[in-house]
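So you know, we letter chains A, B, ... as the sequences are listed, proteins then strands, and number each from 1. We use all heavy atoms of the structure for the numbers below, so side chains are in, but hydrogens, waters and symmetry mates are not.
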4 protein chains.
Amino acid sequence: MVKRYVPAMVKDEILIKKRREQMVKAAVKLFQEKGFHRTTTREIAKAAGFSIGTLYEYIESKEDVLYLVCDSIHDGVKTRFTEMLDRNLPGRKRIEQLVRSLIHVMDELQDEVLIMYQESKALSKESLTYVLNRDRSMTEGIRSVLIECREHGEIELSDLEAQLLAENIMTKGYMWTFRRWALRKHFTLEQYTDLQVEEIMRSLKTPK
Amino acid sequence: MVKRYVPAMVKDEILIKKRREQMVKAAVKLFQEKGFHRTTTREIAKAAGFSIGTLYEYIESKEDVLYLVCDSIHDGVKTRFTEMLDRNLPGRKRIEQLVRSLIHVMDELQDEVLIMYQESKALSKESLTYVLNRDRSMTEGIRSVLIECREHGEIELSDLEAQLLAENIMTKGYMWTFRRWALRKHFTLEQYTDLQVEEIMRSLKTPK
Amino acid sequence: MVKRYVPAMVKDEILIKKRREQMVKAAVKLFQEKGFHRTTTREIAKAAGFSIGTLYEYIESKEDVLYLVCDSIHDGVKTRFTEMLDRNLPGRKRIEQLVRSLIHVMDELQDEVLIMYQESKALSKESLTYVLNRDRSMTEGIRSVLIECREHGEIELSDLEAQLLAENIMTKGYMWTFRRWALRKHFTLEQYTDLQVEEIMRSLKTPK
Amino acid sequence: MVKRYVPAMVKDEILIKKRREQMVKAAVKLFQEKGFHRTTTREIAKAAGFSIGTLYEYIESKEDVLYLVCDSIHDGVKTRFTEMLDRNLPGRKRIEQLVRSLIHVMDELQDEVLIMYQESKALSKESLTYVLNRDRSMTEGIRSVLIECREHGEIELSDLEAQLLAENIMTKGYMWTFRRWALRKHFTLEQYTDLQVEEIMRSLKTPK
DNA sequence: GATGAATGAGCTTTCATTCAT
DNA sequence: AATGAATGAAAGCTCATTCAT
């Protein structure tokens, strides 16, 4: 399964979903302001609108909140990213669109993505595996598009090159968030997107 | 000045240097294993070979240790990187060498770089500024090489493109550390380096 | 308001009152034995019958305990003092009674008053203001009785003399506690009271 | 003996005297600003112009500094007070002069006296005894003047009344320092002195 | 299911004192 | 005699977690 099972004391699944959404929303805001370690469980509970006792009816440990946050952010990124993709675009245009969509989503969810990036190391090994797997599956999605393009004879690249390009594209998305302190000084979102797209397109090899 | 002044109770500057080196060495190891927040000042002192009281003779707060660690890591990266560069290489070869050197250094110091990347957010605003400035100055160094190449007519690129390429090169270095969980699955250091170099060289524009 | 607001984590006001009473009672005893600075928060919590964590659910800092102690002692002094006064006594008798009551209360609460006198300098400036204001209001109460006596033509004294006499009376009360090491060698409570009353009565001027 | 023996590692008595004067001068200033408990031995040494190691060559513990400070302040008060007294004044004038001189000295040395009054409780039982004995001997000096006046038929008072009056006079001196927060609001030094003198003179009984 | 008072291990930091130089 | 680096016990305070109501 793609998601870790987080045990709850409460049985009602609908309530669990509702309460966890409240807590994630509150936690995202707090983690953004103060980071995971400086945020207390009491603060999360209060910001979520219930008591500390109730918080622990829906999770087992503070780390669970972080996991749920990361999971929820991944859902957000994945959903928006997928929505933006048009599978019917022709060849190279699909790659371009892929990059533009990714950067766009990363920009929209920059605060959330930053949390995930900076705090995920505080996760237990097990939770981290789940989070990394979701990242990997996204990279895999990008890679499969590249492979498809190759199959259609649009571009020429080895399996290894496809893998690296997928990683590079992912990183171009992420870096807009975690190097924003540097990038924002020089580029608007549009400039950044255009230039990165151009760079990738130039680097693509055309089959003879 | 490029470095933040960290006050000490002890006067002997040579001793301060020595003790801080001990403490940084111990801290790097501990931060690697457990992260900054989970490492206690007592552990750092003990691992450095002196008492908790002595630790606080050389710093003012736990955060100072993190700053010294980041600073020391930056020194390491900068030094090694600079040593590897050969200013006499012809045109495009210099860019290639730049990328190869950076990735090489990042690989050598991957554990340290990872600490800096993951924990620097725990720094105070003031300390963080210093750390980011050092990163910025390294990016700037790369950018100036690119501009030089342009001046010599080796490549064609706008100021903005130079800036972005510098950032991209830096990121290609960093990503070998912070995405190693994914990259190591598919690439050896040599493969990764070669492919990234090729990708960059392909994307460069030649002046007419 | 005459009292400083001391924030608590716990919401239940009745519980706050109860726990703070426990903690004040414990603290008074400990401060008596070892003074404020030598008493630890752990000792206070233990003597009060709860854990250190619980202590900090009801105060924000150790200084708050001292403030609550001073406040509680002032309450005790004020309450007992007020109870002892008979507003219907004729003229000079009221002044005599005032002095006797004050010394009597100071004797009853000598240990507590001594704490307040010796430790209040450890209070923050803000807390100290509150404590001094309560002292001032008591002095003012005495002064107003003196002025009343003057209005009724029982005694003759200027405004300034009334102010000083009020301060002198307060001090005659306090000194029975903070100079007890000297006074107890020579006087019983009764002797001290009688002699001080006589001295004051002799010093009063009768209107012509 | 009237003074406690404070052991030193150093033999040279003249040096001991000199160094202790330096340290007392520094300590008085620091205790005034931050109180005894908040002042560190390091600060005292530094302000005195020598190292922490040297400080401990001349005392055995931090408490010794406090004792030396109290002792020095008492010396100051005693010396100035004695200088001001004119043994040849006639009867009641001598008492008046006594009170005036005391208040005058207390005003001059108010900061020092306040330290002694507020911090002496931090002394060990043994040191405290010495400090209280010096206070007692001053009270005794006042008492003996009162008795002399009685012997000369200037005033009429019992032994017990003499004792109390001596204590009251001492307290009128002290209170100008420790209740200055209240007294300064209403009185100048001159007003305070005049009114207290008048009050005492009025309360004196004349022999028939 | 919800509450929130209670807990105590554990953290960072301070500072009087020592002792080798 | 003077120095100051080293020490470590001890202090104030925090906060994830539990559990009786």
Side-chain angles (χ1 to χ4, degrees), chain A residues 8-12 15-16 19 37-46 49-65, chain B residues 8-12 15-16 18-19 37-46 49-63 65, chain C residues 8-12 15-16 19 37-46 49-65, chain D residues 8-12 15-16 19 37-46 49-65:
Chain A
M9 299 302 303
V10 169
K11 298 299 157 203
D12 183 342
L15 199 51
I16 292 179
R19 293 274 183 261
H37 283 102
R38 284 204 189 93
T39 302
T40 68
T41 50
R42 260 176 164 166
E43 287 172 316
I44 297 168
K46 192 175 178 188
F50 38 72
S51 73
I52 181 66
T54 300
L55 184 78
Y56 275 86
E57 293 285 307
Y58 295 91
I59 50 156
E60 287 191 315
S61 73
K62 190 186 174 188
E63 198 234 284
D64 284 349
V65 180
Chain B
M9 299 299 306
V10 167
K11 296 172 180 175
D12 184 340
L15 199 52
I16 290 177
K18 183 182 154 197
R19 293 276 181 261
H37 283 102
R38 285 206 187 91
T39 302
T40 70
T41 50
R42 277 198 148 72
E43 287 172 318
I44 297 169
K46 195 176 176 187
F50 36 74
S51 71
I52 181 66
T54 299
L55 183 78
Y56 276 90
E57 293 283 305
Y58 295 90
I59 50 156
E60 287 192 315
S61 73
K62 190 186 173 188
E63 200 233 283
V65 181
Chain C
M9 300 299 305
V10 167
K11 295 172 180 176
D12 184 340
L15 200 51
I16 291 177
R19 292 276 182 262
H37 282 102
R38 284 205 189 92
T39 302
T40 70
T41 51
R42 280 194 148 75
E43 287 172 318
I44 297 168
K46 194 175 178 186
F50 37 72
S51 71
I52 181 68
T54 300
L55 183 76
Y56 277 90
E57 292 282 306
Y58 295 91
I59 50 157
E60 288 192 316
S61 73
K62 191 186 172 188
E63 200 233 284
D64 285 347
V65 181
Chain D
M9 300 301 303
V10 168
K11 299 298 156 205
D12 184 340
L15 199 51
I16 292 178
R19 292 275 183 262
H37 283 101
R38 285 204 189 94
T39 302
T40 68
T41 50
R42 259 175 165 166
E43 287 172 316
I44 296 169
K46 192 176 178 188
F50 38 72
S51 73
I52 181 68
T54 300
L55 184 78
Y56 275 87
E57 294 284 309
Y58 295 91
I59 51 157
E60 288 192 314
S61 74
K62 189 186 173 188
E63 199 234 283
D64 285 347
V65 180

Enquirer: Do C:R19 and C:E57 make a side-chain contact, defined as non-hydrogen atoms from C-beta onward lying under 4.5 Å apart?
Expert: no
Enquirer: Is there side-chain contact between C:T39 and C:I44, with heavy atoms separated by less than 4.5 Å?
Expert: yes
Enquirer: Distance check needed: F:dA16 C1' versus A:D64 CG, whole Å only.
Expert: 12 Å
Enquirer: Could you state the CG-P distance from A:L55 to E:dA2, rounded to the nearest angstrom?
Expert: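 Taking CG of A:L55 and P of E:dA2, I get 12 Å after rounding.
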Enquirer: Over 60° means perpendicular and under 30° means parallel, so classify the ring planes of C:F50 and C:Y58, tilted if in between.
Expert: tilted
Enquirer: Distance from A:S51 atom OG to A:R42 atom CZ, nearest 0.5 Å?
Expert: 11.0 Å
Enquirer: Which atoms form the tightest heavy-atom contact between C:L55 and C:A45, and what is the distance?
Expert: CB-CB, 4.0 Å
Enquirer: Answer yes or no: does a side-chain N or O of B:R19 lie under 4.0 Å from OP1 or OP2 of F:dA6?
Expert: yes
Enquirer: Which distance, rounded to the nearest 0.5 Å, do you find between the CG of D:D64 and the OG1 of D:T41?
Expert: 12.0 Å
Enquirer: Would you give a per-nucleotide map of nucleotides 16-21 of chain E, 5' to 3', where B means the base has a protein non-hydrogen atom under 4.0 Å away, S means only the sugar-phosphate does, and - means neither?
Expert: BBB---
Enquirer: If you take all heavy atoms of C:R38 and C:E43, which pair is closest and at what distance?
Expert: O-OE1, 3.8 Å
Enquirer: Rounded to the nearest angstrom, tell me the gap between atom CG in C:L15 and atom P in E:dG4.
Expert: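 To the nearest whole Å, that distance equals 12 Å.
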Enquirer: For B:K46 and F:dG8, what is the distance between atoms NZ and P respectively, to the nearest whole Å?
Expert: 12 Å
Enquirer: So, is C:Y58 near the phosphate of E:dA6, with a side-chain N or O under 4.0 Å from OP1 or OP2?
Expert: yes
Enquirer: Can you tell which of E:dA6, E:dA2, F:dT7 lies closest to the side chain of B:F50?
Expert: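 Given the options E:dA6, E:dA2, F:dT7, the side chain of B:F50 is closest to F:dT7.
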Enquirer: For E:dA6, does OP1 or OP2 lie under 4.0 Å from any side-chain N or O of C:T54?
Expert: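 No, no such contact exists.
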Enquirer: Could you state the atom-to-atom distance from CD1 of B:I59 to P of F:dA5 in whole Å?
Expert: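 Distance check: B:I59 CD1 to F:dA5 P gives 16 Å.
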Enquirer: How do C:K11 and A:K11 order along DNA chain E: which one's closest nucleotide is nearer the 5' end?
Expert: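 The answer here is A:K11.
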Enquirer: Which pair of non-hydrogen atoms, one from A:I16 and one from A:V10, has the smallest distance, and what is that distance?
Expert: CD1-O, 3.3 Å
Enquirer: Check salt bridge (Lys or Arg N to Asp or Glu O under 4.0 Å) between D:E63 and all other residues, then give those that pass, not counting sequence neighbours.
Expert: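 For D:E63 the salt bridge (Lys or Arg N to Asp or Glu O under 4.0 Å) partners, ignoring immediate neighbours, are D:R4.
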Enquirer: Identify the stems formed by DNA chain E, where each pair is Watson-Crick or G-U wobble with both distances under 3.5 angstrom and a stem is at least 3 consecutive pairs.
Expert: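 For DNA chain E the paired stretches long enough to count as stems (3 pairs minimum) are E:2-21 with F:2-21.
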Enquirer: Rounded to whole Å, how long is the line connecting atom CZ of C:R38 with atom P of E:dC15?
Expert: 16 Å
